[in-house]
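Notes for the one structure printed next.
Naming: A, B, ... by sequence-line order, numbering from 1 per chain. Here the structure is a predicted model, which is why all the values come from computation and not from measurement.
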Amino acid sequence: MGILDRLRSLGKPQTEVKEKKVVLIGLDGTPYTLLKQFCADGTMPNLAKIAANSSLRQMDVSIPEVSSTSWTCFYTGMNPAQHGIFGFLDLQPNSYKIYFPNSKSVKAPALWDVLGNYGKRSVVINVPETYPAKPLNGALISGFVATDLKKATYPPELLPTLMELEYRLDPDAQKARESKDAFLADIYDVFEKRRKTILHLFDQEKWSLFIGTITETDRLHHFMWDALVDKNHPYHNGFLDFYRRVDGLIGEVYDRLDSNTTFMMCSDHGFTSIEQQVYLNYWLKDNGYLKFTSESPKSVEEIAPGTRAFAMDPTRIYINLKGKYPQGAVEPGEEYEHLRREIAEGLRAITYQGKPVIKKVFMKEEVFRGPLMQQAPDLIVLSNYGFDMKGSTNKQTLMDREIFTGMHTQDDAHFLINRKDINEKKPHICDIAPTIMKELGIVIPSDVTGVALT
Amino acid sequence: MSQKGFTLWFTGLSGAGKTTLAHIVEAEMRRRNLKIEILDGDVVRTNLSKGLGFSKEDRDTNIRRIGFVCHLLSRNGVAAISAAISPYREIRDEVRKMIGDFVEVYVHCPLEVCAKRDVKGLYAKAMSGEIPVFTGVSDPYEEPLNPEVLVDSSKETPEESAQKILKKLEELGYLPKTDEVYSEEEEEEVKRRLEELGYF
């Protein structure tokens with residue numbers, strides 16, 4: 001066949017197959033147990049109706065259970081030693097200098113990049129750890145910690161629409177310290193604008209994958225979890241009312257779906273009440289493992305020579321290893337292993353009013369696997385419910401309370417898919433990306449940590 | 001730092017994706033505060049080169065005109081982007097010599113794929129003989145021998161190709177690097193927001 005014949009034969013019509021689609025609503029920090037409660041007590045009637053014909057499951061997330069790490073696990077299907085995001089802050093190689101990991105620090109391909117290779121379009125709204133917005137086949141508005149809407153928007157042509165919709169990146173958490181009324185009003189305002197934007201892009205854009213994430217839930221939980229727990233709290237109804245609005249959005253999205261679309265929901269961690277905040281760096285200092293150059297250091301950048309271990313938010317402990325850090329004081333090998341065991345043992349012994357504070361101390365090789373193991377914290381702590389681990393460096397006490405009333409949990413996130421049977425009894429956040437790929441008929445890359453749930 | 005002008009010269013078959021890539025790259029360059037002008041082959045032929053045909057001589061003239069405008073823009077600190085087939089190697093090299101700060105991007109795509117896409121319906125016309133002279137079908141396309149960037153639009157997504165181009169521009173010093181995502185001011189803002197949530 002000559003070139004012209006071959007070219008002519010390319011124009012033949014092909015049978016049209018209706019394309020599969022996936023919609024996912026993300027609710028940052030919304031626990032499985034809370035959704036179950038709200039389905040049962042009538043706070044979330046739309047969700048209750050959907051859940052009746054779906055699998056709504058409790059889900060584990062990665063450790064540490066913070067949004068930056070967890071959402072990156074969500075959108076890569078990989079664990080932190082593969083994607084490189086271990087927290088909201090990290091240290092630059094061979095230094096104690098802090099940097100803020102961002103979308104450019106993520107070392108694994110995002111779900112939407114994989115879909116893009118198959119010509120599939122994604123719309124991604126407000127997923128944390130996607131700032132600055134990188135080009136993709138589709139549209140993306142970055143989530144926390146995005147600071148500039150222009151840099152948070154791809155393609156740039158979307159910006160005027162967002163301005164018109166008065167889209168806001170994040171509520172102002174500072175308001176929580178000034179007035180709870182003002183804080184709630186701000187959360188409602190951001191949510192309303194986000195809701196409008198989600199529905200607008202849902203209707204106006206072409207997509208195979210649509211992700212709309214609400215992060216106001218997490219902010220509400222951090223500062224007002226007490227209002228949920230205490231039915232007589234003056235803001236109890238204000239808290240519930242926010243979830244009624246979220247339920248409204250879930251209903252509005254669900255009503256738009258056709259039979260080719262899979263509906264999913266998930267969170268990046270759960271929440272529970274804080275009993276005490278616990279400061280790991282204080283404990284390390286108090287036990288002689290950590291020294292600072294000043295009385296009230298602002299960060300781990302002020303580490304003094306002789307330091308053997310330090311912590312970074314929220315539960316990551318790093319051994320000050322020779323060869324890895326400029327003032328490394330611990331020899332790799334037996335000294336390193338001995339120190340890890342010693343610290344783990346010491347931490348396990350911490351109690352508060354007779355209760356153990358720490359549930360488990362993991363060695364890094366127990367929770368991470370991948371090419372970035374070197375970057376991983378050497379020890380990682382999982383606390384018992386009620387004990388919120390912090391990486392603060394200037395505390396003069398092991399435990400106290402601040403303004404926060406809610407803390408993250410690792411084993412009570414949620415996952416929902418609108419079908420009755422799924423493979424895993426308790427899914428893991430890394431399972432979502434491969435599940436979406438499978439739903440969309442895409443080959444799942446062999447190196448993902450998670451497994452497809454359908 | 002003042003911007004150094006240069007010309008980003010896309011070349012490749014009709015339908016290979018030059019214009020698409022030019023616009024993606026343009027968006028990212030604007031985001032990094034560069035001054036940019038795109039000279040799109042199809043647009044140029046409706047004004048700057050209006051009246052020119054597709055004989056070798058007319059095509060050479062068309063490319064020389066685009067090259068000349070790119071030269072003027074580049075020397076005045078603008079990033080000029082040309083997205084035209086520019087099929088002949090000799091003229092491309094002539095333009096390269098004139099401009100100096102010249103980055104050639106070969107948008108490779110097999111003829112069959114371009115013809116299958118046929119976004120403008122030109123391949124159909126070329127095959128039916130309605131367009132007598134058409135690059136790749138009835139007129140040669142001379143591949144660049146040593147382009148600064150080689151992308152393959154039949155194997156890569158436009159976004160992947162754009163990343164390759166942007167990376168090369170960073171390497172060559174024409175595009176400010178964005179490893180520093182946050183300016184000092186923004187970094188303070190990030191710290192403040194993390195602090196408010198108890199993360200810092």
Side-chain angles (χ1 to χ4, degrees), chain A residues 3-4 6-8 10-11 66-68 87-89 98-105 113 116-119 131-138 144-148 150-151 153-157 170 172-177 218-219 222-223 277 298-299 313-314 388 390-392 402-404 407, chain B residues 20-21 23-33 110-118 121 123-124 126-129 134 136-138 154-167 177-183 185-200:
Chain A
I3 179 78
L4 287 180
R6 270 197 289 157
L7 293 174
R8 280 186 197 110
L10 292 167
V66 288
S67 296
S68 51
F88 278 117
L89 53 140
I98 282 171
Y99 79 99
F100 300 104
N102 53 72
S103 65
K104 306 220 164 184
S105 328
D113 293 330
N117 288 336
Y118 287 81
Y131 181 81
K134 292 196 289 189
L136 76 160
N137 181 15
F144 195 70
V145 187
T147 49
D148 175 0
K150 193 176 162 196
K151 287 205 285 192
T153 305
Y154 183 88
E157 296 81 57
D170 209 20
D172 180 4
Q174 178 59 30
K175 285 203 160 69
R177 292 162 203 270
D218 175 87
R219 308 300 183 268
H222 272 291
F223 294 101
Q277 290 184 185
K298 286 199 182 90
S299 72
D313 231 70
D388 192 16
K390 298 282 181 197
S392 317
E402 286 181 338
I403 188 174
F404 309 108
M407 63 168 273
Chain B
T20 305
L21 280 178
H23 285 285
I24 296 177
V25 170
E26 180 207 21
E28 182 57 30
M29 284 158 70
R30 279 201 200 284
R31 205 205 293 272
R32 298 194 208 173
N33 296 320
L111 178 61
E112 288 167 44
V113 179
C114 294
K116 192 179 174 188
R117 288 177 187 162
D118 206 9
Y123 282 93
M127 281 181 283
S128 68
F134 195 76
V137 178
S138 45
S154 69
K155 293 188 182 141
E156 304 157 12
T157 64
E159 289 73 28
E160 281 174 326
S161 303
Q163 286 300 327
K164 269 193 191 172
I165 299 163
L166 293 166
K167 203 168 158 238
K177 286 195 183 179
T178 54
D179 290 343
E180 302 292 325
V181 166
Y182 300 111
S183 64
E185 212 174 54
E186 282 177 311
E187 201 163 289
E188 285 309 310
E189 163 83 2
V190 172
K191 272 185 198 168
R192 186 181 66 78
R193 285 171 59 191
L194 289 175
E195 246 169 20
E196 278 168 0
L197 293 174
Y199 294 128
F200 189 72

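- With a 4.5 Å cut-off on non-hydrogen atoms, A:Ala146 touches chain B through its backbone but not through its side chain.
- Partners of B:Ser138 under the side-chain hydrogen bond (donor to acceptor under 3.5 Å, both in side chains) rule, at least two apart in sequence or in another chain, do not exist in this structure.
- Residue A:Pro314: no heavy atom, backbone or side chain, is found under 4.5 Å from chain B.
- For a residue to count as touching a neighbouring chain, one of its non-hydrogen atoms must lie under 4.5 Å from one of that chain's; by this rule B:Ala162 does not touch chain A.
- For A:Tyr118, no part lies under 4.5 angstrom from a heavy atom of chain B.
- Interface remark: A:Thr153 contributes backbone atoms only to the contact with chain B (heavy atom separation under 4.5 Å).
- The aromatic ring centres of A:Tyr131 and B:Tyr182 sit less than 6.0 Å apart.
- In terms of the side-chain contact (heavy atoms from CB on, under 4.5 Å) criterion, residue partners of A:Asn117 (sequence neighbours excluded) are, by chain and number, B:Thr157, B:Glu160.
- With a 4.5 angstrom heavy-atom cutoff, A:Ser392 does not touch chain B via any of its atoms.
- Both the backbone and the side chain of A:Lys150 come within contact range of chain B, each with at least one heavy atom under 4.5 Å from a heavy atom of that chain.
- Looking at A:Ile98, the atoms closer than 4.5 Å to chain B (heavy atoms on both sides) all sit in the side chain, from C-beta outward.
- Interface remark: A:Phe404 contributes side-chain atoms only to the contact with chain B (heavy atom separation under 4.5 Å).
- One N or O on the side chain of B:Asp118 and one on the backbone of B:Ala124 form a donor-acceptor pair closer than 3.5 Å.
- Without hydrogens or angle criteria, B:Arg192 side chain to A:Gln174 main chain gives no donor-acceptor distance under 3.5 Å.
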